[in-house]
Amino acid sequence: MALSGDFKEAVLQNKKTKVRIMMKDSLLLDITGAEFDEMLSFAQKFIPDLLDVHDGEVFIPANQWNEDYLNEQMVAVVNNFSEERIEQLKKMVKKLYVKSEANASDIQKTVSNIESKRAKANVNGVKVAGGVVAAVGTGILVYGLAAKTSVVVPVVGGVAIIAGACMLLKKE
């Protein structure tokens, strides 16, 4: 993954706070942490004091993590950029967001399956409308013949049947 020009520039200008913010934000964009690790490797070459000693904060247990706590820690990491806090954030992001990404993936798969089945069945709005038109035409034709109406009513029914059949048989 290529590092952005903005990030490299901030590192080379020794803008420690900006670098930290860009790095912690990358955890939300890449929940694997791979981009963060690449950024850290590059930044430490030019900013040797980028990492802090942990301030001693005791983190809450994983079963109590939520977005509010994640946000608190995202703010705290800027002022205490310790390995412990960074690892905590990586774990939190994975726990809180992997499920959302899996759900999004499942939804996309479901949509794809529906579209695939619809394509295989060769059903679309025109074909459905064609079926309705043909059915209505059949009703008009039968009514016209049974009620011994003028010849126009059964003819209209017959035309509707033909139009509906054309719509049903129409290729995409």
Side-chain angles (χ1 to χ4, degrees), residues 1-133 166-172:
M1 182 173 288
L3 299 175
S4 75
D6 286 343
F7 178 74
K8 288 179 180 178
E9 182 180 322
V11 168
L12 296 175
Q13 292 177 359
N14 201 27
K15 294 186 175 182
K16 195 165 28 175
T17 301
K18 185 174 183 177
V19 168
R20 288 176 173 184
I21 291 169
M22 293 172 87
M23 290 177 66
K24 64 119 177 144
D25 287 349
S26 77
L27 291 172
L28 296 174
L29 302 172
D30 172 24
I31 61 172
T32 67
E35 183 179 7
F36 179 92
D37 293 340
E38 184 179 354
M39 294 169 90
L40 181 61
S41 176
F42 178 80
Q44 283 186 306
K45 293 175 188 171
F46 299 95
I47 309 174
D49 63 337
L50 182 64
L51 293 176
D52 295 327
V53 173
H54 186 61
D55 62 6
E57 178 181 350
V58 176
F59 303 117
I60 66 172
N63 64 351
Q64 296 177 20
W65 292 348
N66 58 34
E67 285 201 14
D68 290 334
Y69 185 62
L70 175 64
N71 288 333
E72 287 175 28
Q73 292 304 312
M74 284 292 203
V75 171
V77 76
V78 176
N79 293 318
N80 182 234
F81 207 71
S82 65
E83 289 181 23
E84 294 86 350
R85 195 174 301 277
I86 291 165
E87 287 307 311
Q88 175 79 353
L89 284 172
K90 285 180 176 181
K91 290 175 189 173
M92 290 176 69
V93 167
K94 283 180 183 170
K95 181 176 193 258
L96 294 174
Y97 292 117
V98 165
K99 194 176 208 178
S100 298
E101 292 217 348
N103 288 345
S105 176
D106 289 345
I107 290 168
Q108 183 57 42
K109 285 179 188 174
T110 302
V111 168
S112 295
N113 286 340
I114 290 168
E115 289 173 352
S116 173
K117 287 177 183 175
R118 182 176 159 198
K120 285 179 185 174
N122 203 17
V123 175
N124 63 30
V126 173
K127 291 186 182 290
V128 171
V132 171
V133 169
C166 289
M167 291 168 73
L168 273 169
L169 299 175
K170 180 181 178 203
K171 298 204 180 205
E172 306 262 346

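Numbering of residues begins at 1 and proceeds along the displayed sequence. Both backbone and side-chain heavy atoms feed into the values below; hydrogens, waters and symmetry mates do not.
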Partners passing side-chain hydrogen bond (donor to acceptor under 3.5 Å, both in side chains) against [X] (at least two apart in sequence or in another chain):
X: Asn63; answer: none
X: Asp25; answer: none
X: Lys91; answer: none
X: Asp52; answer: Arg20

message: Evaluate Leu40 against Leu51 for side chain to side chain contact (heavy atoms under 4.5 Å, CB included), listing each step before the verdict.
response: CA-CA 9 Å; Leu40 181 61; Leu51 293 176; 4.3 Å; yes

- line: Applying side-chain contact (heavy atoms from CB on, under 4.5 Å) to Asp6 and not counting sequence neighbours gives Ser4, Met22

field: Partner residues of Tyr69 under the side-chain contact (heavy atoms from CB on, under 4.5 Å) criterion, sequence neighbours left out
entry: Glu57, Phe59, Ile60, Trp65, Asn66, Glu72, Gln73, Gln88, Met92

field: Test side chain to side chain contact (heavy atoms under 4.5 Å, CB included) applied to Leu70 and Lys95, step by step
entry: CA-CA 11 Å; Leu70 175 64; Lys95 181 176 193 258; over 6 Å; no

- request: Under the side chain to side chain contact (heavy atoms under 4.5 Å, CB included) rule, what do Lys16 and Phe81 come out as? Steps first, then yes or no, please.
  value: CA-CA 10 Å; Lys16 195 165 28 175; Phe81 207 71; over 6 Å; no

- request: Can you establish whether the number of heavy atoms outside Glu67 located under 6.0 Å from its atom CD is more than 12?
  value: no

task: Look at atom CD of Gln13 and say whether more than 12 heavy atoms of other residues, nucleotides or ligands are closer to it than 6.0 Å.
output: yes

message: For a 4.5 angstrom cut-off between non-hydrogen side-chain atoms, does Ile86 reach Phe36?
response: yes

- request: Please examine the side chains of Asp49 and Ile47, heavy atoms only from C-beta on, and report whether any two atoms are closer than 4.5 Å.
  value: yes

